[in-house]
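We count residues from 1, following the sequence as given.
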Amino acid sequence: MSGQLKEVRNRIKSTQSNLQITKAMKMVSAAKLRRAQDAILLMRPYALKLQEMLQNIVSSSEGSIELKLAAQRPVEKVLIVVITSDRGLCGAYNSNLIKLAKQVIREKYEEQFAKGHVEILPIGKKGYEHFSKTGYKLNDTFWHLFAHLDFDHVKQAAAFAMEGFINGTYDAVDIIYSEFKNAATQRFVTEQFLPVARVENTDSKAARADFIFEPEKNTLIAELMPKILNTQLYKAMLDANASEHGARMTAMDKATENANELLRSYKISYNRARQAAITTELTEIVSGAAALEG
């Protein structure tokens with residue numbers, strides 16, 4: 001019986017230690033989430049408006065000038081940018097992104113993948129580790145970007161994708177990332193990065209805007225397009241960063257609840273075992289006393 005009590009005491013002590021860790025990690029993630037959330041909420045309207053403007057320019061300029069980053073051609077070689085996190089303990093966040101990447105390859109680029117023409121560009125250690133172990137064609141140049149999450153470093157990855165598209169190394173570039181909604185909700189999305197998407201034909205005035213260009217149109221578009229695409233990838237990175245901290249905070253909150261529940265059950269088991277031990281000792285004492293009297 002004493003051995004059983006010792007085992008339960010050890011489990012209680014271990015669970016209490018885990019409880020302190022999960023509480024601390026939840027608080028750290030909550031603090032990081034506030035900063036990450038502020039960054040993406042301030043960035044998103046600006047980035048979305050630039051993206052909308054770029055699509056309108058590309059659609060309204062069709063045939064008038066050469067737009068290398070919007071060139072539509074048969075898709076033979078594909079680059080898929082998969083943005084995961086560097087660390088775990090964030091629930092199913094990373095596994096859902098990896099699952100989505102594999103689904104996109106299976107449903108959209110199955111033929112290209114069979115020919116070995118699908119390349120993965122992971123950003124984040126978890127995605128890099130997974131795809132490097134599972135036999136996918138991999139580019140490991142930018143997997144560490146979250147260690148230096150700023151515009152100057154992110155635009156290097158965007159420049160790599162744009163250069164590869166222009167020189168024909170890739171015919172299409174997609175981004176897979178998690179779009180931040182709130183601390184408990186993320187939306188896992190696939191976004192076309194290159195070629196720049198065109199606005200579909202519609203009668204809406206907002207769909208196609210009439211722009212006045214100053215300075216000359218070709219010069220301005222050549223300057224604007226890379227900068228807007230840099231911003232698009234940076235927005236995806238900020239979304240992913242906020243989503244990661246939200247997912248980790250939610251996961252640690254759930255882990256804390258589970259640890260408290262487990263702790264309660266262990267304490268009940270301990271009290272029952274202790275009560276049984278006391279009852280056994282009393283029974284032995286009474287039996288011994290009765291035997292001496294007899």
Side-chain angles (χ1 to χ4, degrees), residues 47-48 50-63 65-84 96-124 127-128 130-132 134-143 145 154-179 187-201 221-222 224-237 239-240:
L48 291 177
L50 282 178
Q51 189 175 350
E52 179 188 339
M53 184 178 73
L54 178 60
Q55 291 175 346
N56 272 309
I57 291 173
V58 169
S59 301
S60 61
S61 302
E62 190 170 358
I65 58 174
E66 183 183 2
L67 301 172
K68 294 181 179 179
L69 293 172
Q72 301 283 342
R73 53 181 184 255
V75 178
E76 293 293 334
K77 292 168 283 186
V78 181
L79 178 68
I80 299 179
V81 182
V82 184
I83 305 176
T84 59
N96 283 334
L97 286 164
I98 291 168
K99 189 185 300 182
L100 177 59
K102 292 180 177 179
Q103 181 184 340
V104 168
I105 293 172
R106 186 171 59 251
E107 295 178 356
K108 191 176 178 182
Y109 300 118
E110 184 177 8
E111 184 179 340
Q112 292 86 343
F113 180 72
K115 296 178 182 178
H117 292 167
V118 174
E119 186 173 320
I120 304 290
L121 180 68
I123 296 178
Y128 166 70
H130 176 84
F131 288 110
S132 62
T134 49
Y136 285 83
K137 188 177 179 181
L138 201 69
N139 187 309
D140 62 356
T141 310
F142 300 104
W143 68 265
L145 270 185
V154 172
K155 75 177 182 181
Q156 294 175 15
F160 170 82
M162 287 185 277
E163 184 180 348
F165 182 81
I166 290 172
N167 63 31
T169 304
Y170 311 112
D171 301 310
V173 181
D174 287 353
I175 307 174
I176 293 174
Y177 67 101
S178 176
E179 185 180 60
R187 188 169 72 95
F188 302 101
V189 298
T190 304
E191 193 172 277
Q192 180 177 318
F193 187 66
L194 292 169
V196 176
R198 299 177 185 273
V199 177
E200 296 180 1
N201 292 329
I221 291 178
L224 274 178
M225 286 185 75
K227 291 185 177 180
I228 294 175
L229 289 168
N230 290 340
T231 304
Q232 184 180 344
L233 182 58
Y234 186 53
K235 191 267 295 182
M237 292 285 292
D239 258 317

When rounded to the nearest 0.5 Å, the distance separating NE2 of His130 from CD1 of Ile120 is 9.5 Å

Note: Leu97 and Thr84 closest approach over all heavy atoms is CD1-CA, 4.0 Å

What's the verdict on side-chain contact (heavy atoms from CB on, under 4.5 Å) for Tyr109 and Val104, showing C-alpha distance, side-chain angles and the deciding distance?
-> CA-CA 7 Å; Tyr109 300 118; Val104 168; 4.1 Å; yes

Check your understanding: Within a radius of less than 6.0 Å around NZ of Lys137, do more than 12 heavy atoms belonging to other residues, nucleotides or ligands occur?
Key -> yes

Check: residues 110-117 side-chain donor-acceptor pairs under 3.5 Å, at least two apart:
unit_1 : atom_1 : unit_2 : atom_2 : d
Gln112 : NE2    : Val75  : O      : 2.9
His117 : ND1    : Glu76  : O      : 3.4

Output for pair (Leu233 CG, Lys155 NZ), nearest 0.5 Å, gives 12.5 Å

| Can you list the steps and then say if Leu229 with Leu194 is a side-chain contact (heavy atoms from CB on, under 4.5 Å)? | CA-CA 9 Å; Leu229 289 168; Leu194 292 169; 3.7 Å; yes

Rounded to the nearest 0.5 angstrom, the CD-NZ distance for Glu119 and Lys77 is 11.0 Å

Value for CD1 (Ile83) from CG (Leu121), rounded to nearest 0.5 Å, stands at 9.0 Å

Value for CD (Gln103) from CD1 (Ile105), rounded to nearest 0.5 Å, stands at 11.0 Å

For Gly127 and Pro122, the nearest pair of non-hydrogen atoms, with its separation, is C-CB, 4.0 Å

Across all chains, not counting sequence neighbours, the ring pair (Phe, Tyr, Trp, His ring centres under 6.0 Å) partners of Phe131 are Tyr136

Checking Val189, Val82, Leu100, Thr190 against Tyr177 for side-chain contact (heavy atoms from CB on, under 4.5 Å), the one that qualifies is Val189

Separation between CG (Leu54) and NZ (Lys227), nearest 0.5 Å, reads 14.0 Å

Please evaluate residues Phe142 and Val81 with respect to the criterion side-chain contact (heavy atoms from CB on, under 4.5 Å), reporting the C-alpha separation (whole Å), side-chain torsions for both, the decisive distance (0.1 Å), and the verdict.
CA-CA 10 Å; Phe142 300 104; Val81 182; over 6 Å; no

- [ ] Might you work through the side-chain contact (heavy atoms from CB on, under 4.5 Å) test for Trp143 and Leu138, ending with a clear yes or no?
- [x] CA-CA 10 Å; Trp143 68 265; Leu138 201 69; over 6 Å; no

With a 4.5 Å limit on heavy-atom distance, are the side chains of Gln51 and Leu48 in contact? yes

* Could you tell me whether the side chain of Gln192 and the main chain of Pro195 form a donor-acceptor pair under 3.5 Å? => yes

Would you say that Glu191 contacts Phe193 through its side chain, given a criterion of any heavy-atom pair below 4.5 Å between the two side chains? no

In short, salt bridge (Lys or Arg N to Asp or Glu O under 4.0 Å) pairs touching residues 164-177 with sequence neighbours left out are Arg73-Asp171, Lys108-Asp174

Practice problem: Decide yes or no for Asn230 and Val154: does some side-chain heavy atom of the first lie under 4.5 Å from some side-chain heavy atom of the second? | Solution: no

